[in-house]
Amino acid sequence: MSSDHSPSSVHWGDLTHPIVAGLISVIVNYGGTFILVFQAAKVAGLSSELTASWVWSISIGVGVTGLILSWLTREPIITAWSTPAAAFLVTALATTPYAEAVGAYIVSAVAFVVLGLSGYFERVIRLIPPGVAAGLLAGILLQFGIQAFSGMSLDPVLAGLLIVTYVVLKRVMARYAVVGILVVGLSFLLIQHRVDLTGLELKLAAPVFTMPEFSLNAMLSVALPLFLITLTGQYMPGMLVLRNDGFKTSANPIVTVTGLGSLLMAPFGSHAFNIAAITAAIATGREAHEDPSKRWIAGIAAGVCYILVGVFGVTLATVFMAFPATFITTLAGLALLGTIGGSLASAMADAKAREASLITFLAAASNIMMFGIGGAFWGLLIGMLCYAVLNGELPWQRARGKAIGISAVEPAIRKG
């Protein structure tokens, strides 16, 4: 687990920004997409106890794996549940018995452990040209940047307040812009009594073990799609987020650890969890800390927050989901502006790869959906094909050519 960012001493003043970045990533995750988990649980006809166990298992699993990986690598490794997989389960659990679905979760998790141990995923990541990777990330995040301003149509006062606060703070104290919009937004919502917590009870969650069952139908209709959707929709863009911000930790231990975590938590209801993509970008960029070697604190903060949510199960998840949608989307979009801008700049920097990077950006931003696979995969595939056509070679051919060139020059250097 090597890193180019050597850890330096951490002072109290270094904690505020990465902790807030970690908190925002958690709020965005629960407030933005966690409703899919409740929808899938409802479709499956799960009891409140099994639903709470699902929340417990996935929150604890995500928190622990993210905390461990961030601590060991000293990089902001944010883990999360697979959002596209949760969306897939909303329909899949309607026709698959719950015990068989749990068996499919286990098979999918084992496949990720094997993939991580094999080392092949890291090799694939290294073959993607930096400009194409940056274009892919910018395309994935574009909708979040747009939603930061589209909220003006739905809730002009709240969205406008957050945008104005962000711009003003960027001018007078840029480091505190994201912290400021979080504090101002929460204060505004509380003053207006727009966060409805009536009837909320603080309850500890209890894990419920489900004996897994294995069937060929569940393997083909749940395990295989779950593996492919999570791999292409989460792991691939998640690793590119890290690479885009200069973090070099190998993908292999990340895939292995999250796969093991998914395997352990599957009998308690958790579907796949993995490295985060969109919410990770909140913690990996300059908004989290000017010094990259201090951003790992955001991963620790996010992990602790996830564990707290898991301990109290549905209760705290419900709190996050009580925030207005406009607050969540505007907060996320503004927090990601720096990452979007940096990704676009990186995508356009290399003249040789510029057009392929632009095509990747547009294809990813269009969010193509085919064969149940999301836009991140298709954006990357289209971008790589365009890169090959426009440059007359595939990235691995170029890398091999360089290697051959170096090996041919070495004897001459020795003779000289």
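Note that this is a predicted model, so its numbers are computed, not measured. Values reported hereafter were calculated over all heavy atoms of this structure, with side chains retained and with hydrogens, waters and symmetry mates removed. In this chain, residues are counted from 1 in sequence order.
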When rounded to the nearest 0.5 angstrom, what is the spacing between [atom1] in [X] and [atom2] in [Y]?
X: Asn391; Y: Cys386; atom1: CG; atom2: SG; answer: 10.5 Å
X: Leu50; Y: Trp56; atom1: CG; atom2: CH2; answer: 13.5 Å
X: Arg295; Y: Ile300; atom1: CZ; atom2: CD1; answer: 16.0 Å
X: Leu334; Y: Leu169; atom1: CG; atom2: CG; answer: 11.0 Å
X: Thr256; Y: Phe121; atom1: OG1; atom2: CZ; answer: 11.0 Å
X: Leu390; Y: Ile359; atom1: CG; atom2: CD1; answer: 5.5 Å

Result of checking Val241, Ile78, Leu242, Leu69 against Ile275 for side chain to side chain contact (heavy atoms under 4.5 Å, CB included) = Leu242
Only one of Thr330, Ile163, Leu189 forms a side chain to side chain contact (heavy atoms under 4.5 Å, CB included) with Leu158, so which one is it?
-> Leu189
Any chance you could lay out the side chain to side chain contact (heavy atoms under 4.5 Å, CB included) test for Phe112 and Asn274, step after step, and finish with the verdict?
-> CA-CA 10 Å; Phe112 277 116; Asn274 41 254; over 6 Å; no
Only counting residues at least two apart or in another chain, list the ones meeting side chain to side chain contact (heavy atoms under 4.5 Å, CB included) with [X].
X: Leu186; result: Leu182, Phe323, Phe327
X: Thr96; result: Glu100, Ala101, Ala218, Ser221, Val222
X: Ser357; result: Val132, Ala347, Met348, Ala353
X: Pro212; result: Val102, Ile106, Phe209, Phe214

Between the main-chain N or O of [Y] and the side-chain N or O of [X], is there a donor-acceptor pair closer than 3.5 Å?
X: Arg243; Y: Phe247; value: yes
X: Ser25; Y: Gly22; value: yes
X: Ser53; Y: Glu49; value: no

Do [X] and [Y] have side chains that approach each other closer than 4.5 Å (heavy atoms only, starting at C-beta)?
X: Tyr306; Y: Ile60; value: no
X: Ser108; Y: Thr230; value: no
X: Tyr105; Y: Leu89; value: yes

Identify the heavy atoms of [X] and [Y] that sit nearest to each other, and give their distance.
X: Gly116; Y: Asn252; result: O-CB, 3.4 Å
X: Thr249; Y: Met239; result: O-CE, 3.7 Å
X: Ala21; Y: Ala298; result: CB-CB, 4.4 Å
X: Leu115; Y: Leu231; result: CD2-CD1, 3.8 Å
X: Leu142; Y: Ala365; result: CD2-CB, 3.6 Å
X: Gly379; Y: Thr360; result: O-CG2, 3.6 Å

Would you mind listing every ring-ring contact (aromatic ring centres under 6.0 Å, His included) that reaches into residues 331-362, with sequence neighbours excluded?
-> none
Non-neighbouring partners of Glu213 that pass side-chain hydrogen bond (donor to acceptor under 3.5 Å, both in side chains), sequence neighbours left out = none
Anything under 3.5 Å between a donor and an acceptor, one on a side chain of residues 61-68, the other on a protein residue two or more places apart or in another chain? List them.
residue: Thr65; atom: OG1; partner: Gly61; partner atom: O; Å: 2.8
residue: Thr65; atom: OG1; partner: Val62; partner atom: O; Å: 3.2
residue: Thr65; atom: OG1; partner: Thr79; partner atom: OG1; Å: 3.2

Could you list the donor-acceptor pairs under 3.5 angstrom formed between side-chain atoms of residues 258-272 and any protein atom two or more places apart in sequence or on another chain?
residue: Thr258; atom: OG1; partner: Tyr235; partner atom: OH; Å: 2.5
residue: Thr258; atom: OG1; partner: Ile254; partner atom: O; Å: 2.6
residue: Thr258; atom: OG1; partner: Val255; partner atom: O; Å: 3.2
residue: Ser262; atom: OG; partner: Thr258; partner atom: O; Å: 3.0
residue: Ser262; atom: OG; partner: Phe273; partner atom: N; Å: 3.1
residue: Ser262; atom: OG; partner: Phe273; partner atom: O; Å: 3.3
residue: His271; atom: ND1; partner: Trp54; partner atom: NE1; Å: 3.4
residue: His271; atom: NE2; partner: Ser82; partner atom: O; Å: 3.1

Would the number of heavy atoms belonging to other residues, nucleotides or ligands and lying under 6.0 Å from CD of Glu355 be above 12?
-> no
